[in-house]
Amino acid sequence: MPLRMSSLFLRTLRDDPADAEVASHKLLVRAGYIRRAAPGGYTWLPLGLRVKNKVENIVREEMNAIGGQEVHFPALLPKEPYEATGRWEDYGDGIFRLQDRSGSDFLLAPTHEELFTLLVKDHYSSYKDLPVYLYQIQTKYRDEARPRAGLLRVREFIMKDSYSFTIDQDGLNEAYDKHRLAYVRIFERLGLEVVAVQAMAGAMGGSRSEEFLHPSAAGEDTFVESPGGYRANVEAVDTVVPETIDYTEAPAAEVKDTPVSTTIAALVEVANELAPKDNGSWEASETLKCVVLTAVLDGGERQLFVVAVPGDREVDVKRLEAFIPDALGVAGEPEVEPATHDDIAKHANLVPGYIGPTLLQDGNAIPMLGTKSQTGIPFFVDPRIVSGSSWVTGANQDQKHVFGLVADRDFTWDAVIEATAVRDGDPAPDGSGPLATRRGMEMGHIFQLGRKYAEALDLKVLDEHGKQVVVTMGSYGIGISRAVAALAEAHHDDKGLIWPMNVAPAHVHIVATGKDDEIFEAAEEFATKLEAAGVEVLYDDRRKAQAGVKFSDAELIGVPLHLIVGRGLAKGTLELKDRHADTREDIPLDDALDHVVALVRKYQNSQG
RNA sequence: CGGGACGUAGCUCAGCUUGGUAGAGCGCGCGCUUUGGGAGCGUGAGGUCGCAGGUUCAAAUCCUGUCGUCCCGACCA
């Protein structure tokens with residue numbers, strides 16, 4: 001049966017909703033696909049639900065095709081599994097917590113690693129049972145500080161999450177590659193352009209990881225791209241390390257007066273005035289900025305450390321947080337924040353504004369930063385600080401800087417650490433040229449989790465030698481509701497939505513115009529024939545609505561093909577509008593069925 | 001969590017400065033006309049003015065608080 005506009009639960013809106021900013025939000029609301037019901041929560045209306053279900057089914061088919069088995073967990077979960085992995089705490093304000101009548105703690109699941117792990121633990125205990133891939137399509141909850149942009153960032157959303165359980169890393173690699181290919185196919189079939197970018201494992205605690213981003217100005221993620229095809233999230237770019245420099249001939253470091261130069265900009269200005277360079281002028285990139293930071297450990301203890309970066313670059317706190325537990329040798333996921341005046345005041349040797357790795361005094365070079373130095377403060381450097389590189393940096397004396405301080409000769413460090421964000425124009429790791437930055441929406445993310453969750457929840461199986469081994473896991477997600485928004489964002493024009501055939505709420509929108517019964521009878525008959533041929537029809541059978549209203553609604557709703565049954569009928573023709581090709585043609589009634597069916601099939605196949 | 005803007009009918013908005021019985025357009029009902037690009041005329045239904053306090057004879061309007069929305073930033077698989 002075709003969907004009939006006369007009875008469809010739908011009210012299109014003439015004006016953009018006042019609270020909408022991005023195109024997908026405006027159009028999905030105006031065309032009657034979704035309706036806001038709560039802060040960060042949307043109701044799926046009949047048309048929207050059809051699109052959402054189609055997206056889900058494509059995902060489901062491709063997951064099944066790689067051997068995935070669908071299960072379904074509750075969204076309301078007890079806290080214990082999440083406590084076992086530390087995420088009850090780690091998620092902070094990011095999850096919804098609640099209590100039942102007896103006071104027991106629950107949460108609305110933001111993701112289900114723990115539950116999948118426990119499920120496999122319940123059932124399996126031998127390597128012979130592995131590999132196994134399980135997935136679900138589930139509502140997830142996150143207490144977003146700022147829901148925005150309609151379905152793009154919400155507090156309740158639908159996600160496909162799958163998990164692979166394998167006996168070893170080889171198995172994980174295979175599972176990862178299969179998911180990767182499945183994801184490429186899924187987005188092809190959806191008609192959504194995505195690029196796979198290298199990602200940081202982040203809170204998930206894994207190793208290899210890629211994000212599938214839909215390039216879009218409305219996206220919230222930034223990634224970089226090289227001419228040679230290297231792509232990575234800005235957080236995950238490996239800094240290109242410069243060649244080390246032979247410093248045997250380098251002049252000795254020299255302390256100079258640099259009054260009132262506690263910022264890099266001021267330092268460069270003062271240096272050019274008071275200590276001019278032989279050739280050219282000093283640049284910020286030649287200075288070494290020693291930034292004092294604090295890691296707030298899980299116990300609340302504040303651990304001071306210093307990171308040195310080229311003066312023209314900013315420290316990226318988020319990046320640091322990924323590397324700092326290793327660098328400091330601490331457990332948990334400490335937060336990194338700028339050191340406070342109190343933090344710094346505890347170290348009498350630190351001269352704020354003039355901090356540097358070395359104090360030159362009476363011909364001696366005294367290390368001031370590093371665990372084995374005067375201060376004992378851990379000291380890390382950006383990868384650009386290579387052996388032999390020469391810097392202008394703080395002299396650890398008020399109003400003085402040291403010039404020509406050479407790395408490895410005049411100072412050392414505890415570890416090299418990725419501490420700065422990548423910039424447009426930075427060299428690409430693949431050596432193919434400068435990196436360019438672009439924006440994208442995160443549509444999917446695949447991770448090699450490794451053994452973190454299996455270890456925390458004690459998921460072990462017996463291997464072929466009868467020995468207990470920890471299972472290796474991978475985790476793979478696709479945002480279903482976000483994909484609907486991204487599709488709307490990617491496929492629309494000034495008149496309305498234009499869905500790809502595979503996700504459209506219907507394949508053909510039949511518009512009957514006029515008032516004669518013959519027209520509606522012919523339209524009805526044609527709709528029935530199309531449906532019999534397996535084509536989904538949205539039929540505008542409204543008798544009173546004017547043609548203009550029907551055309552506008554059809555364009556707004558965005559079914560890709562419109563078939564107009566109206567004034568052409570007298571001479572035996574129908575009018576076919578193709579919203580993707582932006583064409584219209586009159587076709588003879590006799591050929592129309594075959595023609596339309598063929599066109600629908602063509603679009604379905606061209607999208608996968 | 002910081003900075004800014006805004007909450008009045010299903011939707012888009014006016015009214016608030018200067019307190020005095022709640023408004024328009026679209027949408028919805030009914031009637032007539034119109035009928036291939038959001039048509040016209042007539043006639044209706046529909047609102048605790050986000051919520052809670054306060055000031056006042058009287059509050060959509062003034063004050064305080066609170067909740068929510070949007071934008072920028074922070075945060076965020």
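Chain naming here is simple, since letters A, B, ... match the order of the sequence lines and numbering starts at 1 in each.
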| Mate of B:C1 where both pairing distances stay under 3.5 Å, Watson-Crick or G-U | B:G73
| message | I'd like to know whether the aromatic ring centres of A:Tyr476 and A:His445 sit less than 6.0 Å apart in this structure. | response | no
| request: Could you tell me whether the side chain of A:Arg35 reaches within less than 4.5 Å of the side chain of A:Leu45, counting heavy atoms only? | output: yes
| request: Provide the Watson-Crick or G-U wobble partner of B:G68, both distances under 3.5 Å; none if there is no partner. | output: B:C6
| query | Can you find a side-chain donor-acceptor pair between A:Gln448 and A:Asn173 that sits under 3.5 Å? | reply | yes
| request: Have a look at A:Lys160 and say if it touches a base, only the backbone sugar-phosphate, or nothing, with a 4.0 Å heavy-atom cut-off. | output: nothing
| Assigned partner base of B:G37, Watson-Crick or wobble definition, under 3.5 Å | none
| said: For a quick check of understanding: with a heavy-atom distance under 4.0 Å over all strands, which category does A:Gly477 fall into, base, sugar-phosphate or nothing? | reply: nothing
| query | Using atom C1' of each nucleotide, how far apart are B:G10 and B:A5 to the nearest Å? | reply | 25 Å
| said: If you assign each of A:Arg11 and A:Pro110 to its closest nucleotide in RNA chain B, which residue comes earlier from the 5' end? | reply: A:Arg11
| field | Distance between C1' atoms of B:C6 and B:U12 (Å, rounded) | value | 14 Å
| request: In whole angstrom, give me the gap between the P atoms of B:C67 and B:C13. | output: 25 Å
| So does A:Arg14 get a side-chain nitrogen or oxygen closer than 4.0 Å to the phosphate oxygens (OP1/OP2) of B:U12? | no
| Pairing nucleotide - B:C13, Watson-Crick or G-U, each distance under 3.5 Å | B:G23
| Expressed as a whole number of Å, how far does the P atom of B:U18 sit from that of B:G27? | 38 Å
| query | Looking only at atom P, what distance separates B:G38 and B:U43, rounded to whole Å? | reply | 25 Å
| What is the distance from CD of A:Glu220 to C1' of B:A74, rounded to the nearest Å? | 13 Å
| query | Quick one: A:Lys544 NZ to B:G38 P, roughly how many Å, whole number? | reply | 19 Å
| query | Under 3.5 Å, is there an N or O donor on one side and an acceptor on the other linking the side chain of A:Gln546 and the base of B:G40? | reply | no
| request: Take the protein atom NZ of A:Lys495 and the nucleotide atom P of B:G38, then report the distance between them rounded to whole Å. | output: 13 Å
| said: I'd like the C1' distance from B:G47 over to B:G31, given in whole Å. | reply: 27 Å
| message | To check you understand the geometry: which heavy-atom pair defines the closest contact between A:Tyr176 and A:Glu210, and what is its length? | response | OH-OE1, 2.7 Å
| message | Counting the atoms with a prime plus P, OP1 and OP2 as sugar-phosphate, which does A:Arg36 contact under 4.0 Å by heavy atoms, base, sugar-phosphate, or nothing? | response | sugar-phosphate
| remark: Whole-Å distance, A:Glu21 CD to B:A5 C1', equals 12 Å
| said: If you only use heavy atoms from C-beta on, which nucleotide in B:C11, B:C70, B:G38 is closest to the side chain of A:Asp19? | reply: B:C70
| task | Can you tell me the distance, in whole Å, between the CG atom of A:Asp16 and the C1' atom of B:C13? | result | 14 Å
| query | Should B:C62 form a Watson-Crick or G-U wobble pair with both distances under 3.5 Å, which nucleotide is its partner? | reply | B:G54
| What nucleotide among B:G38, B:G37, B:C11 has an atom nearest to a side-chain atom of A:Leu13? | B:C11
| request: Counting heavy atoms from C-beta on, name the nucleotide in B:G36, B:C76, B:G10 closest to the side chain of A:Arg35. | output: B:G10
| said: From C-beta outward on A:Lys515, which listed nucleotide comes closest to its side chain: B:U35, B:G38, B:G36? | reply: B:U35
| task | State the pairing partner of B:U43; accept Watson-Crick or G-U wobble contacts with both distances under 3.5 Å, and report none otherwise. | result | B:G29
| message | Students often get this wrong, so: under 4.0 angstrom with heavy atoms, is A:Glu210 touching a base, only sugar-phosphate, or nothing? | response | nothing
| field | Ring-ring centroid check A:Phe73 A:Phe116, cutoff 6.0 Å | value | yes
| Cationic tip of A:Arg482 within the cone over A:Phe157's six-membered ring, i.e. under 6.0 Å and within 45° of the normal? | no
| query | Which of these passes side-chain contact (heavy atoms from CB on, under 4.5 Å) with A:Leu538: A:Ile557, A:Ile510, A:Val511? | reply | A:Ile557
| Interatomic distance where CG belongs to A:Leu556 and P belongs to B:G37 [whole Å] | 18 Å
| note | A:Met159 CE to B:C76 P, in whole Å, measures 17 Å
| said: At 4.0 Å (heavy atoms only), tell me whether A:Arg584 reaches a base, stays on the sugar-phosphate, or touches nothing. | reply: base
| message | Against A:Tyr33, only a single residue in A:Tyr42, A:Phe9, A:Trp499 fulfils ring-ring contact (aromatic ring centres under 6.0 Å, His included); can you say which? | response | A:Trp499
| request: With P as the reference atom in both, quote the distance from B:G36 to B:C72 in angstrom, rounded to an integer. | output: 44 Å
| said: If I take atom CG in residue A:Leu152 and atom P in nucleotide B:U69, what distance separates them, rounded to the nearest angstrom? | reply: 16 Å
| request: Taking atom P in both B:G20 and B:G25, compute the distance separating them and give it to the nearest angstrom. | output: 23 Å
| query | What is the nucleic acid contact for A:Glu575, judged by heavy atoms within less than 4.0 Å: base, sugar-phosphate only, or nothing? | reply | base
